[in-house]
Amino acid sequence: QVQLVESGGGLVQAGGSLRLSCAASGTIASIDGMGWYRQAPGKQRELVADITRGGSANYADSVKGRFTISRDNAKNTVYLQMNSLKPEDTAVYYCHVDRVRTGVRWYSDYWGQGAQVTVSS
């Protein structure tokens with residue numbers, strides 16, 4: 001089994017920064033795409049950013065220029081650096097892995113437990 005463990009959420013004032021980390025553990029040979037989603041109260045879960053194994057990143061328009069996604073393939077870890085935070089960024093942030101290879105088989109769609117990010121005005 002593969003588990004995703006997130007860390008780095010918290011409370012910050014508007015304009016501040018936070019860094020989220022998500023480490024995948026288990027019998028892992030390779031991970032394809034990794035990403036971050038968020039869900040605010042009363043809203044649907046939305047993509048924040050994702051990144052391919054080769055490092056190509058994609059961002060939601062609402063976070064472009066403020067957030068940076070990166071990954072360390074050797075550590076099976078993905079990061080989200082969040083700068084210039086706004087109150088509307090307040091949400092639970094979820095790490096996501098789309099495909100993991102364990103041995104010769106691929107398994108799809110893993111989620112972290114969620115990390116609360118609260119931005120005060």
Side-chain angles (χ1 to χ4, degrees):
Q1 277 289 353
V2 174
Q3 290 187 325
L4 304 181
V5 178
E6 302 174 19
S7 60
L11 172 65
V12 65
Q13 288 189 331
S17 298
L18 283 174
R19 189 192 195 210
L20 300 179
S21 299
C22 173
S25 63
T27 306
I28 298 171
S30 181
I31 299 177
D32 268 356
M34 306 181 81
W36 293 93
Y37 287 72
R38 67 185 180 187
Q39 187 166 20
K43 294 188 176 181
Q44 289 191 331
R45 191 173 297 190
E46 62 176 1
L47 174 69
V48 176
D50 58 19
I51 185 168
T52 66
R53 181 170 179 80
S56 179
N58 172 59
Y59 297 92
D61 287 343
S62 59
V63 307
K64 281 181 182 176
R66 300 187 297 122
F67 291 11
T68 302
I69 189 171
S70 61
R71 64 188 284 175
D72 185 331
N73 292 331
K75 295 181 179 179
N76 294 322
T77 300
V78 63
Y79 307 95
L80 186 67
Q81 177 66 43
M82 303 183 290
N83 298 329
S84 302
L85 282 159
K86 303 175 181 180
E88 51 264 44
D89 294 318
T90 295
V92 177
Y93 284 69
Y94 296 92
C95 172
H96 178 254
V97 166
D98 60 10
R99 285 208 313 167
V100 175
R101 183 166 61 88
T102 65
V104 297
R105 294 190 63 180
W106 288 91
Y107 297 87
S108 297
D109 207 28
Y110 290 93
W111 291 92
Q113 80 281 7
Q116 178 67 48
V117 171
T118 303
V119 184
S120 63
S121 56

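On a predicted model such as this, the values are computed, not experimentally measured, just so you know. Both backbone and side-chain heavy atoms feed into the values below; hydrogens, waters and symmetry mates do not.
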Legend entry - Nearest atoms (heavy-atom pairs only) where Ala24 meets Ile31: CB-CD1, 3.8 Å

Legend entry - Nearest atoms (heavy-atom pairs only) where Gly9 meets Val117: CA-CG2, 4.3 Å

Legend entry - Euclidean distance, Ser121 OG relative to Lys86 NZ, rounded to 0.5 Å: 14.0 Å

Inset, instruction - Keeping to residues at least two apart or across chains, list the salt bridge (charged side-chain N to carboxylate O under 4.0 Å, His left out) pairs with something in residues 1-23. - result: none

Legend entry - Atom of Tyr79, atom of Ser21 and distance for their closest heavy-atom approach: CD2-OG, 3.3 Å

Inset, instruction - Looking only at non-hydrogen atoms, find the nearest pair between Ser17 and Asn83 and report the distance. - result: OG-OD1, 2.9 Å

Inset, instruction - Please name all residues satisfying side chain to side chain contact (heavy atoms under 4.5 Å, CB included) with Ser62, sequence neighbours left out, ordered by chain then number. - result: Arg38, Ala60

Legend entry - Results of side-chain hydrogen bond (donor to acceptor under 3.5 Å, both in side chains) for Gln113 - residues two or more places apart only: none

Inset, instruction - Determine which pairs satisfy salt bridge (charged side-chain N to carboxylate O under 4.0 Å, His left out) with at least one residue from residues 48-67, sequence neighbours left out, and list them in order. - result: Asp61-Lys64, Arg66-Asp89

Legend entry - Pairs involving residues 36-82, ordered by first then second residue, that meet disulfide (SG to SG under 2.5 Å) (sequence neighbours left out): none

Legend entry - Qualifying residues under side-chain hydrogen bond (donor to acceptor under 3.5 Å, both in side chains), relative to Thr118, sequence neighbours excluded: Gln116

Legend entry - Cluster overlap Tyr94 with Leu4, hydrophobic side-chain contacts below 4.5 Å: no

Legend entry - Nearest heavy atoms of Lys43 and Gln39, plus distance in Å: O-NE2, 3.1 Å

Legend entry - ILVMFWY network linking Tyr107 to Val97, side-chain heavy atoms under 4.5 angstrom: yes

Legend entry - Minimum-distance pair of heavy atoms, taken over all atoms of Thr90 and Val119: OG1-N, 2.9 Å

Inset, instruction - Provide the full list of disulfide (SG to SG under 2.5 Å) pairs with a residue in residues 16-105, sequence neighbours left out, each pair given once. - result: Cys22-Cys95

Legend entry - Straight-line distance of Asn76 CG to Ile28 CD1, nearest 0.5 Å: 4.5 Å

Inset, instruction - Kindly compute the distance separating CD (Gln81) from CG (Leu20), expressed to the nearest 0.5 Å. - result: 9.0 Å

Inset, instruction - For Arg99, enumerate each residue passing the side-chain hydrogen bond (donor to acceptor under 3.5 Å, both in side chains) test, keeping only those at least two apart in sequence or located in another chain. - result: Asp32

Legend entry - Residue list, side-chain hydrogen bond (donor to acceptor under 3.5 Å, both in side chains) with Gln3, at least two apart or on another chain: none

Inset, instruction - Sort and list the pairs that fulfil ring-ring contact (aromatic ring centres under 6.0 Å, His included) and have at least one residue in residues 12-37, not counting sequence neighbours. - result: Tyr37-His96, Tyr37-Trp111

Inset, instruction - Please answer: with hydrophobic residues joined when any side-chain heavy atoms are less than 4.5 Å apart, are Val12 and Tyr93 in the same cluster? - result: yes

Legend entry - Listed once per pair and sorted, the salt bridge (charged side-chain N to carboxylate O under 4.0 Å, His left out) pairs that draw on residues 102-121, sequence neighbours left out: none

Inset, instruction - Would you mind listing every ring-ring contact (aromatic ring centres under 6.0 Å, His included) that reaches into residues 46-71, with sequence neighbours excluded? - result: none

Inset, instruction - Drop me the distance from Thr52's OG1 to Met34's CE, to the nearest 0.5 angstrom. - result: 11.5 Å

